[in-house]
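Working notes, beginning with the structure itself.
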Amino acid sequence: MIKMKFWMFVAILFCGTSLFTACSDDDDITTSPSDEIEAVMRNMTLREKIGQMFYIRPESLDPDAEGKVYAELKMQEVNDNMRSVNAQYPVGGIILYAHNINDEAQLLQFTSQLHQLKGQPLLCIDEEGGRVARIANNTNFNIENVGKMGDIGETGDPENVYTAANTIGTYLKKYGFDVDFAPVADVNTNPDNIVIGLRAFSDEPYVAAPMVVSYLQGLKDAGIMGCIKHYPGHGDTKADTHYGYAQTLKTWEEIRDCEMIPFRAGINWGCQLIMTAHISVPNVTDTDIPATLSSIILQDKLRQEMGYENVIIADAMEMGAITKQYEDNTEAVKLGIKAGLDIILNPMDFREAFDAVVKAVYTGEISEQRINESVRRILKMKRSMLSTTVDADATPLQKWTAGTTVSNEAIQAYGGIDKCFAAEPIPDDVWERMQGKTYQENPYIQRDDLRHIRTLHWDYDHKIHIGEMVVNKQIADVVVNIFRQLYDAKYPIQRMVLPDVYNADDELQMRDNNTSSFCYRTISGSATLSKHARGLAIDVNTLYNPYYKDRESGRYVQPATATKFCDRTWNFPYKIDEEDLCYKLFTEAGFEWGGSWTSCKDYQHFEYIEKE
C-alpha cells in the first residue's frame with residue numbers, strides 16, 4: 001500500500017507552498033490514504049470543501065473583469081483583486097486559455113502565482129494537439145505542434161499517440177501545469193459533426209480505444225494527469241454545444257456498443273477524470289436535459305453500469321448548451337451537483353454560483369454528505385498526483401493472477417524476469433477452473449497432455465500484464481520462448497486469460513480481444529475438432545484479427561464485431577500481417593498462419609504443424 005506523510009497531503013489545502021511541496025519535514029506520522037483524506041476533510045470548512053468543486057478561469061477571481069471580453073483583457077498575472085476574492089472563495093482548479101499565455105517567462109511566473117492561491121488549485125489546460133493547443137499554437141513558444149489526433153490515428157499505431165501525448169505532457173509539466181483536458185475519447189461517426197472531427201482518433205471505436213489509453217499513459221509518464229472527454233460521446237452530433245443545443249438520437253445500447261468503448265478502455269486503465277458533454281440524449285433519458293445535468297447519464301450509466309469511481313467534471317458551464325437552456329446558471333450548477341458532478345468548470349458567475357451552493361447546503365437543498373462525496377473523490381485524485389511510490393507488491397505474481405498489471409519492482413521481488421516465463425503441469429486450481437468449460441471429458445486428450453503457461457506481456461498502455469494459457473505439452477517450451485521474445489520486444493497483447501473466464505464462449509473472448517490456446521471445441525461452423533481442442537493452436541489479439549469465410553449465404557465473421565477488420569488494407573492497432581513480429585516468430589517455430597489460407601481467413605490463428 002502506498003503511504004504518504006500526513007503533513008504532505010495537508011499541504012494541498014492549507015500551506016502557502018506549491019502543490020507538491022510540504023510545509024514541514026518534522027512530522028513523521030504516516031496513515032492510510034483513506035484516513036489521511038478523512039482527516040483533511042474534518043479540518044475543512046464548508047467553503048473550503050465547496051471551493052474544491054470549482055475549477056475556473058482566472059478572470060472569475062477579478063470583479064473588474066466582469067462584462068469584459070476575456071480575449072481582449074489578456075489576464076496574465078495574479079493581481080490584488082484576485083487574491084482578495086480568493087481569500088473568501090478558495091478554488092480547486094484553474095484553467096488557462098490562449099489569451100492567458102504570452103511567452104515562457106510570463107507563463108512560468110503566472111503558474112507559480114496561481115499555485116499559491118487558496119485551495120491549492122490544480123492548473124489545467126486544453127492542449128490536445130492540432131487546432132486545440134493553447135501553447136503549441138503560440139508562436140512565442142519554440143514548440144512544434146504534434147498534429148491532429150485524427151491524422152495520428154490514421155497511422156493505426158497507438159505508439160505514435162503515446163509519443164505525441166508524452167511530448168505534450170513534458171512541456172506542460174515544464175510550464176507548471178497539472179492537468180490536461182485531453183484526450184478526446186469521442187468516436188467521430190458523424191461526418192456532419194462540426195466540433196469534434198479530427199480531434200478524435202478515429203470513426204472506429206476499437207481503434208480509438210487503445211489510442212485513448214496510450215495518450216493517457218503518455219501524459220502520466222510526463223507527470224501530467226489526463227481527462228477523457230466528452231462523455232457520453234460528442235462524435236455523433238451535428239451541433240456545437242459551445243453555442244447551443246446539441247443531441248444524439250442513439251439509444252443506450254447503441255452508445256454502449258460504440259461511444260462507450262473508448263471510455264471503458266480509459267476507465268479500465270484507471271482514468272481519474274472524465275469530462276461530460278452538454279449534449280442531450282433523449283432516447284436514454286426521455287428528456288432534453290443535457291447529459292451534464294442528468295443523473296441517469298452520470299449515476300445510472302457511468303457510475304453504476306460502467307463502474308466508474310473517480311472524478312466527474314463538467315464541460316464549461318458557460319457554454320451555450322447550458323446558458324441558453326438555463327437562464328439561471330446557478331440553478332444549472334446545483335442541478336449538476338445533484339445529478340452527480342464532482343467539479344463545476346467555468347460557471348457564468350463563479351462567486352454567485354459558489355454562494356448558491358453554500359446556501360443550498362445550509363437550507364438542505366443539497367446535503368453536506370453529497371458535497372463530501374465529491375470532495376473525497378477530488379482529494380483522492382489530488383493525493384494520487386503527489387505520490388511517486390511504485391507498487392512493489394509481488395502477490396499477483398505469487399498467485400499468478402492473470403489480467404492484472406505488475407511493476408518491474410514487483411517482478412524483482414518475485415524472483416526476477418526469468419521466473420515469470422515457464423511451462424508447468426496444470427495446477428489443481430487451474431484444472432478445477434477448466435472443468436465443464438474449456439475442458440470436457442473426452443477420449444483424446446487428458447490433463448497430462450497439457451501444460452499451463454505463465455507469461456508476461458506488454459500492451460499499448462506501457463504496462464506489464466500477467467498472462468496465462470494452456471497448451472499441448474509438445475509445444476509448451478516453444479510457446480514460452482515465443483512469448484518471452486514478444487515480451488522483450490514490448491509487442492502489444494491486450495489480454496491473455498483462460499477462456500474459462502468467458503465460460504469458454506469463443507465469441508465473447510474474441511470480442512474482448514483475448515489471446516488463448518486450449519479449448520475443447522469444434523472448428524467454427526463445423527463438427528470437426530479444432531487444433532485448439534488439442535492445445536496445438538494459438539489465437540492472438542482476436543478482435544483485430546478475425547476469422548471469416550465467404551459462403552453462399554454471405555460472409556461469416558467471428559467475432560461478429562470485427563467485420564471492419566476483415567479489410568487488411570488499412571492501418572489499425574494489433575494488426576497481424578506477414579511483416580509482424582508475431583507472424584515471424586510463430587512461423588519460424590513451425591506454426592502455420594491462418595491469414596495465409598485461401599478457403600477462409602483466420603488472421604489471429606497460428607497452429608502447429610505436427611511432424612509425421
Please check if atom [atom1] in [X] has more than 12 non-hydrogen atoms from other residues, nucleotides or ligands closer than 6.0 Å.
X	atom1	answer
Glu66	CD	yes
Met381	CE	yes
Glu327	CD	no

Between atom [atom1] of [X] and atom [atom2] of [Y], what is the distance when rounded to the nearest 0.5 Å?
X	Y	atom1	atom2	value
Ile296	Trp252	CD1	CH2	11.0 Å
Glu204	Thr189	CD	OG1	10.5 Å
Ile337	Glu373	CD1	CD	12.0 Å
Asp349	Ser60	CG	OG	8.0 Å
Leu46	Tyr362	CG	OH	5.0 Å
Ile56	Met317	CD1	CE	14.5 Å

Measure from the side-chain N and O atoms of [X] to the backbone N and O of [Y], and report whether any donor-acceptor pair falls under 3.5 Å.
X	Y	answer
Gln217	Ala165	no
Thr111	Leu107	yes
Asp328	Thr330	yes
Lys118	Ala87	yes
Asp288	Ser280	no
Glu127	Ala136	yes
Asn100	Pro58	no
Ser84	Asp80	no
His278	Ala316	yes
Ser214	Pro210	yes

Under the rule for ring pair (Phe, Tyr, Trp, His ring centres under 6.0 Å), what residues qualify as partners of Phe263, not counting sequence neighbours?
Tyr231

Less than 3.5 Å apart, any donor N or O on the side chain of Asn102 or Asn140 sitting next to an acceptor on the other?
yes

Assess, by modelled atom type and distance only, whether the side chains of Asp64 and Asn81 contain a donor and an acceptor separated by less than 3.5 Å.
yes

What I want to find out is whether [X] reaches [Y] closely enough, with some N-O distance under 4.0 Å, to be called a salt bridge.
X	Y	value
Asp126	Arg134	yes
Lys49	Glu368	yes
Lys564	Asp203	yes
Glu59	Lys74	no
Asp62	Arg57	no
Lys148	Glu128	no
Lys359	Glu365	no

Are Cys124 and Tyr55 close enough, and set up right, to give a side-chain contact (heavy atoms from CB on, under 4.5 Å), and what steps lead you there?
CA-CA 9 Å; Cys124 313; Tyr55 281 36; 3.7 Å; yes

Within a strict 4.5 Å, meaning less than it, do heavy atoms of the [X] and [Y] side chains meet?
X	Y	result
Thr251	Val284	no
Leu379	Glu36	no
Ile312	Arg303	yes
Ile343	Met53	no
Met82	Met75	yes
Val179	Leu123	no
Leu302	Ile297	no
Arg351	Val85	yes

Grab the two heavy atoms, one from [X] and one from [Y], that are nearest each other, plus how far apart they are.
X	Y	answer
Ile313	Cys227	CG2-SG, 4.1 Å
Ile224	Lys173	CD1-N, 3.8 Å
Gln120	Lys382	O-NZ, 3.2 Å
Ala291	Val281	CB-CG2, 4.4 Å
Pro282	Leu249	CG-CD2, 3.9 Å
Leu108	Lys174	CD2-O, 3.3 Å

What verdict does the side-chain contact (heavy atoms from CB on, under 4.5 Å) test give for Glu77 and Gln113, after you've listed the backbone C-alpha separation in whole Å, the side-chain angles of each residue and the deciding distance to 0.1 Å?
CA-CA 8 Å; Glu77 64 179 352; Gln113 293 171 340; 3.8 Å; yes

Out of the candidates Arg383, Lys380, Arg376, only one should pair with Glu38 under the salt bridge (Lys or Arg N to Asp or Glu O under 4.0 Å) rule; please name it.
Arg376

Could you walk me through whether Val357 and Ile371 pass side-chain contact (heavy atoms from CB on, under 4.5 Å), step by step?
CA-CA 9 Å; Val357 176; Ile371 299 298; 4.1 Å; yes

Sub-6.0 Å ring centroid separation between Tyr460 and Tyr162
no

Would you say the ring centroid of Tyr97 lies under 6.0 angstrom from that of Tyr70?
no

So, using salt bridge (Lys or Arg N to Asp or Glu O under 4.0 Å) as the criterion, who are the partners of Lys463 when residues are at least two apart?
none

Tabulate below the donor-acceptor pairs under 3.5 Å that side-chain atoms of residues 150-159 make, not counting sequence neighbours, or state none.
from: Thr155; atom 1: OG1; to: Ile152; atom 2: O; distance (Å): 2.6
from: Thr155; atom 1: OG1; to: Asp157; atom 2: N; distance (Å): 3.3
from: Thr155; atom 1: OG1; to: Asn160; atom 2: ND2; distance (Å): 3.0
from: Asp157; atom 1: OD1; to: Glu159; atom 2: N; distance (Å): 2.9
from: Glu159; atom 1: OE1; to: His462; atom 2: NE2; distance (Å): 3.1
from: Glu159; atom 1: OE2; to: His462; atom 2: NE2; distance (Å): 3.0

Let's go through Tyr308 and Ile274 carefully: what are the C-alpha distance in whole Å and the side-chain angles of both, what is the deciding distance for side-chain contact (heavy atoms from CB on, under 4.5 Å) to 0.1 Å, and is it a yes or a no?
CA-CA 9 Å; Tyr308 181 65; Ile274 291 181; 3.7 Å; yes

Taking the inter-plane angle between the rings of His234 and His230 on a 0 to 90° scale, is it parallel (under 30°), tilted (30 to 60°) or perpendicular (over 60°)?
perpendicular

Looking at Phe354, I'd like to know if the NZ or CZ of Arg47 sits under 6.0 Å from its six-membered ring centre while staying within 45 degrees of the ring's axis.
no

